[in-house]
Every structure is written in C-alpha cells, then in structure tokens.
Asker: 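Structure incoming, see below.
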Amino acid sequence: MSAAKQLPLRLAAKLADRLCNELSPFCGRIEVAGSIRRRRSFVGDVELVAIPCTERNEQRDLFGNIIAATERNLLDAHLDEMLAAWPGPIFKSRAALFKAIGLAPDGLPDVQRWGDRYKRFYFLWGGVGAIVPVDLFITTPDN
C-alpha cells in the first residue's frame, strides 16, 4: 500500500481496538498483530488473529441419544450481520464498498478473500474518512 493511504499508528491502533471490542464477544481470544503490534509509525492495514467461539447444537432421539450435531461459528455469524448492515461498516470487496458509497471503482484488482481461516474485509471508518483493509486470521487454541 502506498504511504499516502497509510494511517498513523495512533489511528490504526484505535481502529484495531474498536474492531477487537466489536468482535471479542464472539471470540475465545482476539489479538492485534502485524504492523500495529510491531508499533510501526504508519500502518497500511489492520491485522487481527482470532479464535472464534462456537455453539454446538445437538439433535437427540426419543432415548436421548445424539443423532446429529452441528457447530455454528459465532464470529462468522457476527461478521455476516456486519456485512448485511447498510451501509457497512465492513465490506467483502472494494467494489462493494465503492458501490455502497457511490464512488467509481479505482481500477485496482478486486479479489475477495473470505475463507474459513483467512478473511480480508474493508472497514469504512467514517469518523476519519478512511477505508481500511483488515486481515482476519482465524485459528484454534491448538495452533
């Protein structure tokens, strides 16, 4: 990312704290990583590492035996709610963000990254008029 699009550490750390506070009820643990953790003067994106909370749902037969079990990732569910809010505050892609705020695409590649272990989203931070890329790395207590 070019220096012109980077945030001073103070603002990036404030945004990272805001995101951690928003997501922490849905995580067993969430930590700030990357340039913010290393205390760089300017930051191009926010990196977070999270262990999501899960909710187990069991179906039982008449005798109380488990016949089916599913787990629901509460962090994914909350991120989906944040994506569905209008407008934002988060967007899976730059194109979706630009469309929502009425800007023409900037010509940069628009690659979506929204997997089970890694998600990149764009946070529309209206308070400072910034679009901030966020990398969310999802892990388990084992690793």
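Nothing fancy with the numbering, it's 1 onward along the sequence. All figures in this text were calculated on a predicted structure; none of them were measured in a lab.
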Asker: How close do V32 and A16 get, counting heavy atoms only, and between which atoms?
Answerer: CG2-CB, 3.8 Å
Asker: For K92, enumerate each residue passing the side-chain hydrogen bond (donor to acceptor under 3.5 Å, both in side chains) test, keeping only those at least two apart in sequence or located in another chain.
Answerer: none
Asker: What pairs with R60 under side-chain hydrogen bond (donor to acceptor under 3.5 Å, both in side chains), at least two apart in sequence or on another chain?
Answerer: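 Once residues adjacent in sequence are excluded, the partners of R60 under the side-chain hydrogen bond (donor to acceptor under 3.5 Å, both in side chains) criterion are E58.
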Asker: In chain order, what residues pass the side chain to side chain contact (heavy atoms under 4.5 Å, CB included) check against L62, with sequence neighbours excluded?
Answerer: none
Asker: Would you compute the distance between atom CG of L48 and atom CD1 of I30 and round it to the nearest 0.5 angstrom?
Answerer: 5.0 Å
Asker: Using distance only, find each side-chain donor-acceptor pair of residues 135-143 under 3.5 Å and give its atom names and separation, not counting sequence neighbours.
Answerer:
from : atom 1 : to   : atom 2 : distance (Å)
D135 : OD1    : Y118 : OH     : 2.7
D135 : OD1    : R120 : NE     : 2.6
D135 : OD1    : R120 : NH2    : 3.1
D135 : OD2    : R120 : NH2    : 3.1
T139 : OG1    : N143 : OD1    : 2.2
T140 : OG1    : D142 : N      : 3.4
T140 : OG1    : N143 : OD1    : 3.1
N143 : OD1    : T140 : N      : 3.1

Asker: By the ring-ring contact (aromatic ring centres under 6.0 Å, His included) test, which pairs, at least two apart or in different chains, include something from residues 50-85?
Answerer: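 Only F26-H78 qualify under ring-ring contact (aromatic ring centres under 6.0 Å, His included).
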Asker: Testing the basics here: between C53 and G28, what is the closest heavy-atom pair and its distance to 0.1 Å?
Answerer: SG-N, 3.4 Å
Asker: Side chain to side chain contact (heavy atoms under 4.5 Å, CB included) with E31: which residues, sequence neighbours excluded?
Answerer: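 Partners of E31 under the side chain to side chain contact (heavy atoms under 4.5 Å, CB included) test: R29.
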Asker: Can you name the salt bridge (Lys or Arg N to Asp or Glu O under 4.0 Å) partners of D76, sequence neighbours left out?
Answerer: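 Partners of D76 by the salt bridge (Lys or Arg N to Asp or Glu O under 4.0 Å) criterion, ordered by chain and then number, come out as K119.
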Asker: Using only atom types and a distance under 3.5 Å, with no angle test, would you say the side chain of N65 pairs donor to acceptor with the backbone of D61?
Answerer: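 Absent.
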Asker: Do you know the tightest heavy-atom contact between I90 and L83?
Answerer: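 The answer is O-CD2, 3.6 Å.
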Asker: Which distance, rounded to the nearest 0.5 Å, do you find between the OG of S93 and the CZ of F121?
Answerer: 13.5 Å
Asker: Does P8 have any side chain to side chain contact (heavy atoms under 4.5 Å, CB included) partners at least two apart in sequence or in another chain, and if so, which?
Answerer: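 By the side chain to side chain contact (heavy atoms under 4.5 Å, CB included) rule, P8 matches L11, F42.
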Asker: In the hydrophobic clustering that connects Ile, Leu, Val, Met, Phe, Trp and Tyr at side-chain heavy-atom distances below 4.5 Å, which members other than I51 occupy its cluster, ordered by chain and number?
Answerer: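 I51 clusters with nothing; isolated.
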Asker: Just grab all the ring-ring contact (aromatic ring centres under 6.0 Å, His included) pairs involving residues 91-113, residues at least two apart or on different chains.
Answerer: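 Not a single pair qualifies under ring-ring contact (aromatic ring centres under 6.0 Å, His included).
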Asker: Once salt bridge (Lys or Arg N to Asp or Glu O under 4.0 Å) is applied, do any residues pair with R72, and if so which ones, sequence neighbours excluded?
Answerer: E55
Asker: Taking only residues two or more places apart in sequence or in another chain, which ones pass salt bridge (Lys or Arg N to Asp or Glu O under 4.0 Å) with E22?
Answerer: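 Testing E22 for salt bridge (Lys or Arg N to Asp or Glu O under 4.0 Å), a comparison that skips the adjacent residues, returns none.
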Asker: Considering non-hydrogen atoms only, spot the tightest contact between D45 and P133 and give its length.
Answerer: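 D45 and P133 have their closest heavy atoms at CB-O, 3.2 Å.
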Asker: When you look at L19 and F123, which way does the side chain to side chain contact (heavy atoms under 4.5 Å, CB included) test go after all the steps?
Answerer: CA-CA 9 Å; L19 285 170; F123 186 85; 3.8 Å; yes
Asker: Taking atom CD of Q6 and atom OG of S35, what is their separation to the nearest 0.5 Å?
Answerer: 7.5 Å
